[in-house]
Protein chains: 2
Amino acid sequence: MNDVTEDAAGPAAGLPRDRNATAARILKAASELLAENGFQNFGVNAVARRAGCDKQLIYRYFGGMDGLVDAIGVQLAGWVEERMPENGGSGFLLTYGDLVERLLLLFMEALRDDPLMKKIIVWEISENSPQVRRLSEARSKSLALWIDRVRGRMQPPKGVDPFALNALLIGAVQHIVLAGEAAKRFAGVELESAKDWDRIAQAVKRLVRGVYP
Amino acid sequence: MNDVTEDAAGPAAGLPRDRNATAARILKAASELLAENGFQNFGVNAVARRAGCDKQLIYRYFGGMDGLVDAIGVQLAGWVEERMPENGGSGFLLTYGDLVERLLLLFMEALRDDPLMKKIIVWEISENSPQVRRLSEARSKSLALWIDRVRGRMQPPKGVDPFALNALLIGAVQHIVLAGEAAKRFAGVELESAKDWDRIAQAVKRLVRGVYP
DNA sequence: TCCGTTTGTCACTGTATGGTGACATAAATC
DNA sequence: GATTTATGTCACCATACAGTGACAAACGGA
């Protein structure tokens, strides 16, 4: 375990002492732990064990778990930019409906491929501690900015409430992705194979086209 | 605390010994605890504390936490029947769209008013233990039966995938209710006052009418 | 009345957690 | 080279948890 060739090995294995490096190792360990196990059993001891260092360092370098979670949030600030193409995925976005459809499907795929983000969203709806609230604020701010940017001058149709509608649509996508992660099915619909998810994608399109024709 | 007039007081306070009564007290304590605090800190000690008895009785009468959770699931089996009117809320359900709209709005209200069910759904998407799986199966079975019953001979329109669409719609409602519970807002939309929820209800209608005209 | 069973309580083990103070050692500064 | 600081480790505290064996008291039947 504490071999010199071990990735996560700290100075105990003879490596040089480097605050930044170990702080980064702790942050990485925390992110991975959260992505794999969720927010349960997510604590100082587990993170320190995984990072291969003493938990004391978590208190010293991050001021405890709160600070560490904040650091994860900072890492996550660029989540949207990193995995959503700037132009909305491809050209030819003529209508508001085109835009929302493309965004939702992109978001669904990105979320499906990101265990950490899935776990964080579950955490968000599981409790309302200041910790997780700060975590979610960073993400939703960045998302809102990105949407504004990619929307350009496109305007939603009159006579509808695009904010409420989009909230429901995003909620639908998030919930079905999370449910699929946990149970491989939801409301009688299988959520496992690529085909299953294609079916969901088609339904999302239908839903969007129904309200933004 | 252990006064004779205390509701949850057990035989320590002089009450007669009664297995059924204390088992019921334990079950009640567990349900309340789950409804108030969620599945975190939900364990033998906490339940026994709240029920005012020794945790040993939980092992004896329920075989441990697993059995206790199963018992909660049994209690929950009739959830749908108990709070959803048999005829779909009122007459005049002419189309499949009428039906889905009414069902979704009823479901949303019922869910909003039921802390226990909210916590259980969060639990369902948080982990995939056999415990919580059995818990959710009971509920979804009863829901499916009820839907079949209330649907009667009404048929969904051709050319769409009602299962996938309904899964998304149910997911949307569940997610927005859960998010509202946790954070009082979601995707930039306030979720606090009756007016806020009315706005969401309108959007749900729009969404349904878009796919089931 | 006596005796076995049921119901409830207590005390204990082992394990995990969050958190802190004391210490050793490497690195940097003088 | 000597001293001060940064970095990392360790041992320990109080607390909480799940689970178990032993015991006390109430109950019920003979």
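Taking 4.0 angstrom as the limit, A:Thr22 places none of its side-chain polar atoms (N or O) nearer than this to OP1 or OP2 of D:dT7.
Residues satisfying the side-chain hydrogen bond (donor to acceptor under 3.5 Å, both in side chains) test with A:Asp54, not counting sequence neighbours, are none. With sequence neighbours left out, the ring-ring contact (aromatic ring centres under 6.0 Å, His included) criterion links B:Trp123 to B:Phe39. Scanning for ring-ring contact (aromatic ring centres under 6.0 Å, His included) contacts around B:Tyr59 gives an empty result, with sequence neighbours left out.
Remark: C1' of C:dG19 and CG of A:Asn45 are 9 Å apart, rounded to the nearest angstrom. Straight-line distance from the CG atom of B:Asp18 to the P atom of C:dG8: 7 Å, rounded to whole Å. One can place CZ of A:Arg49 at 15 Å from P of D:dC10, the figure rounded to the nearest angstrom. If you take CD of A:Gln56 and C1' of C:dC23, they are 11 Å apart, rounded to a whole angstrom. Here the P atom of nucleotide C:dG19 and the CG atom of A:Leu57 are 15 Å apart, to the nearest Å. In this structure, B:Lys55 atom NZ and D:dG19 atom P are separated by 9 Å, rounded to whole Å. Straight-line distance from the CG atom of B:Asn20 to the P atom of C:dG8: 10 Å, rounded to whole Å.
Looking at residues 58-74 of chain A, you'll see A:Arg60, A:Tyr61 sit with a heavy atom under 4.0 Å from some atom of DNA chain D. Only B:Gly43, listed by number, bring a heavy atom of residues 31-43 of chain B to less than 4.0 angstrom from any atom of DNA chain D.
Within the structure, salt bridge (Lys or Arg N to Asp or Glu O under 4.0 Å) pairs that include any residue of residues 165-175 of chain A do not occur (at least two apart or interchain). For residues 140-151 of chain A, the set of pairs meeting the salt bridge (Lys or Arg N to Asp or Glu O under 4.0 Å) definition, not counting sequence neighbours, comprises A:Glu81-A:Arg149, A:Glu86-A:Arg149, A:Asp148-A:Arg151. For residues 162-208 of chain B, the set of pairs meeting the ring-ring contact (aromatic ring centres under 6.0 Å, His included) definition, not counting sequence neighbours, comprises A:His175-B:His175, B:His175-B:Phe186. Among residue pairs with one or both ends in residues 60-72 of chain A, those qualifying as side chain to side chain donor-acceptor pair (under 3.5 Å) are A:Asp66-A:Gln131, A:Asp70-A:Arg134; sequence neighbours excluded. For residues 104-118 of chain A, every residue pair satisfying the salt bridge (Lys or Arg N to Asp or Glu O under 4.0 Å) rule, not counting sequence neighbours, is listed here: A:Arg83-A:Asp114, A:Lys118-A:Glu181.
Checked by atom type and distance alone, the side chain of B:Thr22 never pairs as donor or acceptor with a backbone atom of B:Arg25 at under 3.5 Å. Listed for the A:Arg133 side chain is a donor-acceptor partner under 3.5 Å among the backbone atoms of A:Asn128.
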When every nucleotide of nucleotides 1-6 of chain D is labelled 5' to 3' by its protein contacts under 4.0 Å (heavy atoms), B for base, S for sugar-phosphate only, - for none, what sequence of letters results?
-----B

Pairs under 3.5 angstrom only: tabulate donor-acceptor contacts from the side chains of residues 27-36 of chain B to other protein residues two or more places apart or in another chain.
unit_1	atom_1	unit_2	atom_2	d
B:Lys28	NZ	B:Glu32	OE2	3.0
B:Ser31	OG	B:Leu27	O	3.1
B:Ser31	OG	B:Gln75	OE1	3.1
B:Glu32	OE1	B:Arg50	NE	3.3
B:Glu32	OE1	B:Arg50	NH2	2.9
B:Glu36	OE1	B:Arg50	NH1	3.0
B:Glu36	OE2	B:Arg50	NH2	3.1

